[in-house]
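Working notes for the structure below.
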Amino acid sequence: MRAVTLRHPGGPEVLRPGEVPRPTPCEGWTLVRVVAFGLNRSELFTRRGLSPSVTLPRVPGIECVGLVEESDDPALPPGTAVAAAMGGMGRRYDGSYAEYALLPTAQLMRLRSTLPWTVLAALPESWLTAHGSLEALRLRPGDRLLIRAATSSVGMAALSLAAALGVETAATTRDPAKTDALRAQGADHVVLDRGEGLRDAVREVWADGADRVLDLVGGTAVLDSLAVLAPGGGVCNSGILSDTWTIPDFEPLEDIPSGATLTTFSSSEINRGDWAQAALDAVVRKVEAGACRVVIDRVFTLDELADAHRHMEENRAIGKVVALVHRT
């Protein structure tokens, strides 16, 4: 089968497709014919050698949608449509940058939809992360939600989900040219994030601040998110688009406003059994009904993954970057 095997860290040029043996199914694992998959920034980290737990060589790719090719689970006959994400995929074991992927049966989610495969490929990691993040924030209709790095795939998903909930949203971007795309996705307000002065910019929208903030930037940006909260508000940090994993000299008693909350949602939670299947079903139904809109930035092929990584690294994407492997 054709696959992209990462043999050593480097730039996008190290992502070279080639022929490798097709995985052999074994007990508790299902062979999936990969139809399409979404690309994620964590895969950029892995390619650069910044994921210390990943040993090489490795086929990257932390999510996919496809069809069961072979499984020892009678509930998953050949041809069953499934989705998978995280759980060590593309990190502890080979992932989705391939025509076939051998995946733990327990982490597969059934897909019951006639949506296009490219749309389905955009859902597992980004939309379930957005769904879980909004749950963690305990959003209610009428809340005022600020989404930071809103043109990211998770940000665009969160915008659509929040709009469907009846939440008033403000979206941040560093690029004024992306304003129209954010409004089309449901943003009531757009805030230009210039790296400083965020508190004042948000106060121009809501005089006493945001009730909730979904922070996809991470690192020290979380401190700015806490500073824009209205009394009793909350921040959920669900991303590290800043490429920074920690907050130096973080002082909770000083940096978290009194009465405010700071929580997280990790995409590793996507594999929480029944939650994952129920969340995916809920998202699919909303997209099918037209209540939520999936934004696909570009669709690449398996042979074009180096170009896809360059596209993401240059921050040109608005929404989800997808790869189509098999046409059905």
Side-chain angles (χ1 to χ4, degrees), residues 41 129-130 133-134 136-244 246-252 254-265 295 314-319:
R41 291 192 73 89
T129 299
S133 299
L134 298 189
L137 283 169
R138 299 185 176 132
L139 278 179
R140 296 165 297 184
D143 278 349
R144 301 165 300 178
L145 170 68
L146 177 71
I147 300 176
R148 302 195 62 191
T151 57
S152 66
S153 58
V154 176
M156 294 294 270
L159 264 178
S160 192
L161 289 167
L165 284 171
V167 170
E168 184 180 354
T169 56
T172 75
T173 179
R174 293 176 296 174
D175 186 353
K178 295 180 177 180
T179 296
D180 289 345
L182 291 170
R183 291 196 181 279
Q185 190 65 356
D188 297 297
H189 315 278
V190 177
V191 176
L192 290 181
D193 190 344
R194 305 185 187 279
E196 57 183 26
L198 181 66
R199 184 180 183 278
D200 290 340
V202 172
R203 289 296 196 279
E204 291 180 8
V205 177
W206 298 311
D208 59 346
D211 298 315
R212 301 286 185 268
V213 179
L214 174 55
D215 188 310
L216 302 172
V217 182
T220 56
V222 172
L223 302 180
D224 296 329
S225 294
L226 288 164
V228 307
L229 286 176
V235 172
C236 179
N237 176 212
S238 300
I240 51 165
L241 294 175
S242 62
D243 294 354
T244 304
T246 60
I247 305 174
D249 302 320
F250 176 54
E251 298 183 43
E254 293 294 326
D255 296 327
I256 302 176
S258 182
T261 59
L262 172 61
T263 188
T264 65
F265 182 84
V295 178
E314 292 167 2
N315 294 317
R316 287 188 277 156
I318 301 176

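Along the sequence shown, residues are numbered consecutively beginning with 1.
For the pair Thr173 (side chain) and Leu192 (backbone), a donor-acceptor distance under 3.5 Å is absent. Looking at Thr179, its side chain does come within 3.5 Å of a backbone N or O of Pro176 through a donor-acceptor pair. Asn237 places a side-chain N or O within donor-acceptor distance of the main-chain N or O of Gly239, the cut-off being under 3.5 Å. Judged by distance alone, with hydrogens and angles left aside, the side-chain atoms of Asp200 form no donor-acceptor pair with the main-chain N or O of Gly197 at under 3.5 Å.
Partner of Cys236 under the side-chain contact (heavy atoms from CB on, under 4.5 Å) criterion, out of Val213, Thr263, Leu139, Val222: Thr263 alone.
Shown here for Pro248 and Thr246, the closest heavy-atom pair between the two residues is CD-O, 3.6 Å. Contact between Ala158 and Leu134 at its shortest, heavy atoms only, is O-CD1, 3.9 Å. A pairwise comparison of heavy atoms in Ser160 and Gln185 identifies CB-NE2, 3.4 Å as the closest pair. Among all heavy-atom pairs drawn from Ala171 and Leu159, the shortest one is CB-CD1, 4.2 Å. Shown here for Ser152 and Leu216, the closest heavy-atom pair between the two residues is OG-CD1, 3.5 Å. What you find for Ala149 and Val217 is that their closest heavy atoms are CB-CG2, 3.9 Å.
Scored by the side chain to side chain donor-acceptor pair (under 3.5 Å) test, Ser225 finds Arg148, Asp215 as partners (sequence neighbours excluded).
To the nearest 0.5 Å, atoms CG (Leu223) and CD (Glu254) are separated by 12.0 Å. To the nearest 0.5 Å, atoms CG (Leu161) and CG (Leu165) are separated by 7.0 Å. To the nearest 0.5 angstrom, Asp249 atom CG is 9.5 Å from Asp255 atom CG. Expressed to the nearest 0.5 Å, how far OG1 of Thr169 lies from CG of Asp188 amounts to 4.0 Å. The CG atom of Asp224 sits 7.5 Å away from atom CG of Asp193, with the distance rounded to the nearest 0.5 Å. How far NE2 of His189 is from CG of Leu182: 13.0 Å, rounded to the nearest 0.5 Å.
A salt bridge links Asp211 with Arg144: the distance from a Lys NZ or Arg NE/NH1/NH2 to an Asp or Glu carboxylate oxygen falls below 4.0 Å.
No side-chain heavy atom of Thr151 sits under 4.5 Å from any side-chain heavy atom of Asp175. Inter-residue side-chain proximity for Val154 and Ser238 is flagged as unmet; no heavy-atom pair is nearer than 4.5 Å. Two residues are said to be in side-chain contact when any heavy atoms from C-beta on lie closer than 4.5 Å; Thr129 and Ser133 meet this criterion. Proximity of Phe250 to Leu262: side-chain heavy atoms (C-beta onward) are separated by under 4.5 Å at one or more points. Residues Leu214 and Leu137 have side chains in contact (heavy-atom distance under 4.5 Å, counting atoms from C-beta outward).
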Go through the steps for Val167 and Arg212 under the test side chain to side chain contact (heavy atoms under 4.5 Å, CB included), then give the verdict.
CA-CA 10 Å; Val167 170; Arg212 301 286 185 268; over 6 Å; no
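Heavy atoms of other residues, nucleotides or ligands lying less than 6.0 angstrom from CZ of Arg138 number 12 at most. Other residues, nucleotides and ligands place more than 12 heavy atoms under 6.0 Å from the CZ atom of Arg203. More than 12 heavy-atom neighbours from other residues, nucleotides or ligands sit within 6.0 angstrom of CZ on Arg316. Around the CD atom of Glu314, the shell of radius 6.0 Å holds more than 12 heavy atoms that belong to other residues, nucleotides or ligands.
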